[in-house]
J.: 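Pasting a structure here, questions to come.
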Amino acid sequence: MKKILFVTHAASYGGAELFLRDVVLHARSSGQEWPVIFLADGPLKTDLIDAGATAKTVSAGAQILKLKRGSNVREALSALYSIYAVVKVLAKEFRNYDVICANSQKSLFIAGLAARLARKPFVWILHDLVSDQSFSGAMRRALVFFANHMTSAVVANSYAAKDALVQCGGKADKISVVYNGFDFDTNFGDNATERDRATLLGEAGLSDLPTVGLFGRIAQWKGQHVLIEAVERVPRLQAIIVGDATYQDGSYFDQIRAMVEDRNLSHRVKFLGFRKDVQRLMATVDIVAHTSTEPEPFGRVIVEGMAQRRPVIATRGGGVGEIIDHPTNGILCEAGDSVALAEAMRAIITDDAMASRLAEAGYQKVTARFSIERSVRDLKDVFDGLSRA
Ligand code: UDP
Ligand code: GLC
């Protein structure tokens, strides 16, 4: 059995990190230890250790962690010295492993150099759509260079993510797709009873009216403002907005809080902050919405809503079309179209048969396609297929 080591830069609760947590824990329960090196400390590392997995931090230092998707060449160069130091430490760590796998962009660069130094096969898991919408030209070129020349294989989280990288010059024959996988047996399907629903809505300060839930990081491109605009158009519809401004400065969060106040929606729209019980909350709402205003690379929250047997309305684009087959097992709206979102929500809350049909078809789709067993097996196939550095 090959010895695999994962490296990722952040240990906070983003989708890419939760993907990593789930595959590491599932691999472990099926007898394979996949240790993780984080380049900065955070709660996800603690969760993994608490669950019995092997995780540690090799700190990358502030200069490196400050680098962003839009960083220019000067900022990248100023981080060089710290990169050199951490690469040396990592290369030493890598000696004991057969395959090194980076789960983020920063770890692609840093672990990629270290893997080259240690002469180990290197895999990059790509969780983003590498496009000119979200990356500077220098960053795109660097990502494509590393993907093509420093990896043995690239794993994309959707065909959309694979295609975007290929469009920028990535070599298609190096890239396979492994979807996020979910443990449907233990984490889902605990449909809330009427009493659970009343309790959770009561705790949120809402009444027993139809409720939509939006789950995810509070960030402009996640489009929480689109949901607020749509809710304003549907009288007697309430909303919970769940998540925190992870990786952001919080100014967008302030804006949307003010938006709710200004539109007198405070009694109908509640912010619940970051929650660890997303599945329970999903089970209490009538609709799960996804409102990203840019193409979503994959969209875990969409699968989670469908797995919880909720009707899901999502933004068309990116990997979302690989999850939802509109209008069979979910509804797709154009990015930013709050009118269409309002109409779709109105249709669902007034047509129980439609809501149940979507929910059931959604459940069937995701449980058949996005299991954690399949993701771990697909990843293992990639690792097993590698022969050389
Ligand atoms: N999530 C969570 N608590 C929250 C908000 C979100 O645990 O308060 C989880 C959510 O269940 C999902 C992940 O964060 O698993 C978000 O992943 P997604 O792929 O939807 O978006 P990303 O943040 O990675 O862009
Ligand atoms: C990234 C993407 C998100 C995806 C997640 C897991 O954070 O933004 O769309 O679901 O990674 O692959």
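The shown structure was predicted, so the numbers you read here are calculated from the model rather than taken from an experiment. Note that ligands are numbered from 1 as they come in the structure, with each ligand's atoms numbered from 1 the same way. If you read the sequence from its start, that first residue is 1, and numbering goes on from there.
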J.: Heavy-atom distance to atom 7 (O) of ligand 1: which of R300, R275, Q279, E17 wins?
T.: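 The nearest heavy atom belongs to R275.
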J.: Taking N or O atoms only and a 3.5 Å limit, does D128 qualify as a polar contact for ligand 2?
T.: no
J.: Please could you name the atoms of ligand 2 that H127 approaches to less than 4.0 Å, counting only its heavy atoms?
T.: 1 (C), 2 (C), 6 (C), 11 (O), 12 (O)
J.: Give the atom numbers and elements of ligand 1 that come within less than 4.0 Å of a heavy atom of F274.
T.: 2 (C), 3 (N), 4 (C), 7 (O), 8 (O)
J.: Can you find a side-chain donor-acceptor pair between H290 and S292 that sits under 3.5 Å?
T.: yes
J.: Give yes if a backbone or side-chain nitrogen or oxygen of F298 is under 3.5 Å from a nitrogen or oxygen of ligand 2, and no if not.
T.: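 Yes, F298 has an N/O under 3.5 Å of an N/O on ligand 2.
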J.: With sequence neighbours excluded, tell me which residues meet salt bridge (Lys or Arg N to Asp or Glu O under 4.0 Å) with D351.
T.: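 For D351, no residue satisfies salt bridge (Lys or Arg N to Asp or Glu O under 4.0 Å) once neighbours in sequence are set aside.
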J.: Any atom of ligand 2 sitting under 4.0 Å from a heavy atom of G14?
T.: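 So G14 does not count as touching ligand 2.
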J.: Which atoms from ligand 1 have a heavy atom of R217 less than 4.0 Å away?
T.: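 Reading through ligand 1 atom by atom, the close ones are 22 (P), 23 (O), 25 (O).
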J.: Examine N157 against ligand 2 and note whether any of their N/O atoms are separated by less than 3.5 Å.
T.: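 Yes, N157 has an N/O under 3.5 Å of an N/O on ligand 2.
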J.: Pairing donors with acceptors under 3.5 angstrom, does anything connect the side chains of E294 and S134?
T.: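 Absent: no donor and acceptor within the cut-off.
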J.: Checking contacts here: is it the side chain or the backbone of K276 that comes within 4.0 Å of ligand 1, counting heavy atoms only? Could be both or neither.
T.: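 No part of K276 comes within reach of ligand 1.
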J.: Where is the nearest protein heavy atom to atom 5 (C) of ligand 1: which residue, which atom, and how far?
T.: G216 N, 3.7 Å
J.: Using a 4.0 Å heavy-atom cut-off, which part of V301 comes near ligand 1: side chain, backbone, both, or neither?
T.: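 Both backbone and side chain.
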J.: Can you see whether S107 engages H9 through a side-chain donor-acceptor pair at a distance of less than 3.5 angstrom?
T.: no
J.: Nearest to atom 17 (O) of ligand 1, what protein heavy atom do you find, and at what distance?
T.: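 That would be G15 CA, 3.4 Å.
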J.: May I ask you to list the atoms of ligand 1 that are less than 4.0 angstrom from any heavy atom of V278?
T.: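 So the atoms of ligand 1 that pass are 1 (N), 2 (C), 3 (N), 4 (C), 7 (O), 11 (O).
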J.: Answer yes if the ring centres of Y252 and W221 are under 6.0 angstrom apart, and no otherwise.
T.: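 No; W221 has its ring centre 6.0 Å or more from that of Y252.
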J.: Under a 4.0 angstrom heavy-atom cut-off, which atoms of ligand 2 come close to R300?
T.: 10 (O)
J.: Given F370, which of Y363, F182, F298 fulfils the ring pair (Phe, Tyr, Trp, His ring centres under 6.0 Å) condition?
T.: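 It is F298, the one option of Y363, F182, F298 that forms the ring pair (Phe, Tyr, Trp, His ring centres under 6.0 Å) with F370.
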J.: In a check of salt bridge (charged side-chain N to carboxylate O under 4.0 Å, His left out) between E93 and each of K120, K56, K88, which one passes?
T.: K56
J.: Looking only at protein heavy atoms, which one is nearest to atom 10 (C) of ligand 1, and how far off is it?
T.: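 The protein heavy atom lying closest is E304 OE1, 3.4 Å.
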J.: Do T293 and Q220 meet the criterion of a side-chain donor-acceptor pair at a distance under 3.5 Å?
T.: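 No, no side-chain donor-acceptor pair sits under 3.5 Å.
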J.: Tell me every residue that passes side chain to side chain contact (heavy atoms under 4.5 Å, CB included) with R374, counting only those two or more places apart in sequence or in another chain.
T.: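 Scan of R374 (side chain to side chain contact (heavy atoms under 4.5 Å, CB included), adjacent residues dropped) gives R369, S371, R377, D378.
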J.: Using a strict 4.0 Å cut-off to heavy atoms of L18, name the atoms of ligand 1 that fall inside it.
T.: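 Answer, ordered by atom number: 9 (C), 13 (C), 14 (O), 15 (O).
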J.: Going by atom types alone, do N329 and Q364 pair a side-chain donor with an acceptor below 3.5 Å?
T.: no
J.: Name the residue from R217, K276, R21 that meets the side-chain hydrogen bond (donor to acceptor under 3.5 Å, both in side chains) definition with Y13.
T.: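 The side-chain hydrogen bond (donor to acceptor under 3.5 Å, both in side chains) with Y13 is passed solely by K276 among R217, K276, R21.
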J.: Among all protein heavy atoms, pick out the one at the shortest distance from atom 21 (O) of ligand 1; state its residue, atom name and that distance to 0.1 Å.
T.: K222 NZ, 3.2 Å
J.: Are any of the side-chain nitrogens in R300 or D22 under 4.0 Å away from the carboxylate oxygens of its partner?
T.: yes
J.: Which atoms of ligand 2 have any heavy atom of G15 under 4.0 Å away?
T.: 5 (C), 6 (C)
J.: Assess the residue pair R275 and D277 against the criterion (salt bridge (Lys or Arg N to Asp or Glu O under 4.0 Å)); give the C-alpha distance rounded to whole Å, side-chain angles, the decisive distance to 0.1 Å, and a yes or no.
T.: CA-CA 5 Å; R275 299 280 294 234; D277 58 348; 2.9 Å; yes
J.: Please check whether W221 reaches ligand 2 - meaning an N/O of the residue sits under 3.5 Å from an N/O of the ligand, judged on distance alone.
T.: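 N/O-N/O distance under 3.5 Å: no.
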J.: Before signing off on this row, confirm whether G299 and ligand 2 have an N or O atom pair separated by under 3.5 Å.
T.: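 Right, the criterion is met.
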J.: Give the atom numbers and elements of ligand 2 that come within less than 4.0 Å of a heavy atom of N180.
T.: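 Under 4.0 Å from N180, ligand 2 has these atoms: 6 (C), 12 (O).
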